[in-house]
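Here is the structure we will look at.
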There are 2 protein chains.
Amino acid sequence: PWTFLFAYLLCICLSVSCSDSDETIVYSTPLRTIITGMDYGDGVLVVGHKSPDCDAVLSAMTYASLLQRMGINAEARVAGKVICEPRYVLQEAGIEAPAILDDAAGRNIIMTDHSEFAQAANGMSSARILHIIDHHGTGSVTTPQPLFYYALPVGSTCTIIASMYEELGEKPTATEARLMLSGILSDTDNLTTTTTTDTDRRLYEWLLLQSDISDVETYYAAMRKARTSFDGMTDEDILFSDYKEYEIEGYKVGIGNVFASDELGVEELCQRMRQIMPAVRAQQGLDMLFMMLGDRQANVTHIPFCGDGAREAAEAGFGASANPEGCIVTTYISSRKAQFLPAITEGIR
Amino acid sequence: PWTFLFAYLLCICLSVSCSDSDETIVYSTPLRTIITGMDYGDGVLVVGHKSPDCDAVLSAMTYASLLQRMGINAEARVAGKVICEPRYVLQEAGIEAPAILDDAAGRNIIMTDHSEFAQAANGMSSARILHIIDHHGTGSVTTPQPLFYYALPVGSTCTIIASMYEELGEKPTATEARLMLSGILSDTDNLTTTTTTDTDRRLYEWLLLQSDISDVETYYAAMRKARTSFDGMTDEDILFSDYKEYEIEGYKVGIGNVFASDELGVEELCQRMRQIMPAVRAQQGLDMLFMMLGDRQANVTHIPFCGDGAREAAEAGFGASANPEGCIVTTYISSRKAQFLPAITEGIR
């Protein structure tokens, strides 16, 4: 009977550990075979977009970690200086920001959180792009050779990276979980944006359990504060803190997006941006440069501009005349893509 | 002791059924949540590229089936008449070819086996593209909204569809397995091309077991024969049987690729193509139109041409003068992309 009892207990253990497998992972997924079967040459650099936000920095770092676990010589890079919110996240996690990738030409590259050459590190159109992991529409990037392109319509690229940890049966460390969770917090405004999906919510809960974050609401409030902190930033850092370039009707157009804060009111912000905008326009080779300077409290957005035809485009697009300080003032604009871009495109036409 | 014995046997059963799970599937994968969580409106059409080959037709059909199993109102379409090899595969399987999609504009679309507008059904740039499933480099397609883009560097798109059946725990029917296997057979030349990967080999074996194909070598030989059969085809069908368009140095250029066969020798083929090429060039709005007419036995390729500057481009690109029949004759060219395209690009310059 003791033999039976022993066998019985052993079986219970086995079946308990097995019944877990509905919740967990099959370890030999097609994904692992695909990813490890590619040729990375002497190694691959994982990099997000320019003006790096949390999702760009943290998706690159945690995807590089995931690839390293599979024996791939992968290193994270950033496509610009890490400031504001992602700098706060890295400081809290006690880790250094990745080095800046100055020139992607000729390198083996994995792009996270973007698929637009205009938003990518310099030289990207001459890079060998091996993976793209993204949660946006597909952009201007084309590749001559087959690649691993994995885009999902979810709230953040860190959600996709987390789903890959899960699918590959790789349990994130507390730090990896903290970084991926921070990417989701940032891109979904703590699960409140309209882009938030059930997949984001599920992986948020999973990451929160794995992470060492005890009070996520307090942590998110501090992240959000850091997003509009200008601590230690030059005027150029502020302008580039959330900046994207577009090709509109044949013109090269830059659009920055900055919010007024307790430290820096919208009038002072406008004045400081106007001082450096002509030099930035020349340096970036732009036809026109606009800034969206949002003031949530006053519910207005100030739009300084520079470049030939920029005044006419902004005045026509937003149906308002520039004030003596050289700004269009309009009601609050929350989205560069859904609101600003269509208006300015119309104005340029 | 009988209680223990019963429990013991029960446990053995349980642990055996559990240990299987390493080989099989977790049913609630992130993929299912992602795919079923998207908005398909009143339904979605799944379509491969123009001049449809086996991989284009069969990936669209089997992916539509997979989506239907998940409750999605998906239907397969083709972007051109189904002839040659895919027609043979469908005849053998006893199923009708999908209807032709004349205009994709304004429709909900899933693209398989391509990501180039130039190779897509008419109106694709005004479609709402929801998924792209592909095994090529990423092409000219861009989307304003986030999408599900899943590209893997494997030998055929049907391999990717098969891996999704596997990952989602959806066992293919004998017919579905036959169709996916036929796509792999066609695109990898029965696992012999340099693009063939371990993932293709593994899923080929899996599909072969599920399918009702008893002798795969004989079946593949018949497919291959059908690839160069002109049975029931008009001259236009022949010209468009493997045809792609490119933009080269600002010129719109069409390149067809047809092989001589027992039925139709290369001289007769050249004569028949030359007769219809001017009308096809006008109809497609091309600057230049070339055909690669390959004769494997004689180890030569005949190149008829039409359009302003086409003769000069072909003569310069291939370093030969046109013969009295109006063809360049050169040594055998196996690849449109790796051999013909670079030569003609050089010739046009």
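In what follows, chains are A, B, ... by sequence order, proteins preceding strands, each numbered from 1. Please read all numbers here as calculations on a predicted model, not as lab measurements. Hydrogens, waters and symmetry mates are skipped; everything else that's a heavy atom, side chains included, is used.
Atom CZ of R336(A) sits about 13.0 Å away from atom CD1 of I344(A), to the nearest 0.5 Å.
A donor-acceptor contact under 3.5 angstrom links the side chains of N108(B) and R128(B), judged on distance only. Side-chain contact of K171(B) with Q210(B): a donor-acceptor pair under 3.5 Å is present, judged by distance alone. In this model, no donor atom of one side chain and acceptor atom of the other lie less than 3.5 Å apart for Y246(A) and T345(A). A side-chain donor-acceptor contact under 3.5 Å links D200(B) and T197(B).
Ranked by heavy-atom pairs under 4.5 Å with chain B, the first of L203(A), D134(A), I132(A), V141(A) is V141(A). Top candidate by heavy-atom pairs under 4.5 Å with chain B, chosen from I129(A), L152(A), D198(A), is L152(A). Note: A151(A) leads S163(A), S140(A), G139(A), A151(A) in heavy-atom pairs under 4.5 Å with chain B.
Contacts of S115(A) with chain B are absent, with no heavy-atom separation under 4.5 Å from either backbone or side chain.
The only option from T159(B), D113(B), T112(B), T195(B) that meets the side-chain hydrogen bond (donor to acceptor under 3.5 Å, both in side chains) definition with H135(B) turns out to be D113(B).
Taking the six-membered ring where tryptophan is involved, the planes of Y149(B) and Y149(A) are essentially parallel, since the angle between them stays under 30° and well short of 60°.
By the 4.0 Å N-to-carboxylate-O rule, E247(B) lies too far from K252(B) to be salt-bridged with it.
For a heavy-atom cut-off of 4.5 Å, chain B lies close to no residue in residues 42-49 of chain A.
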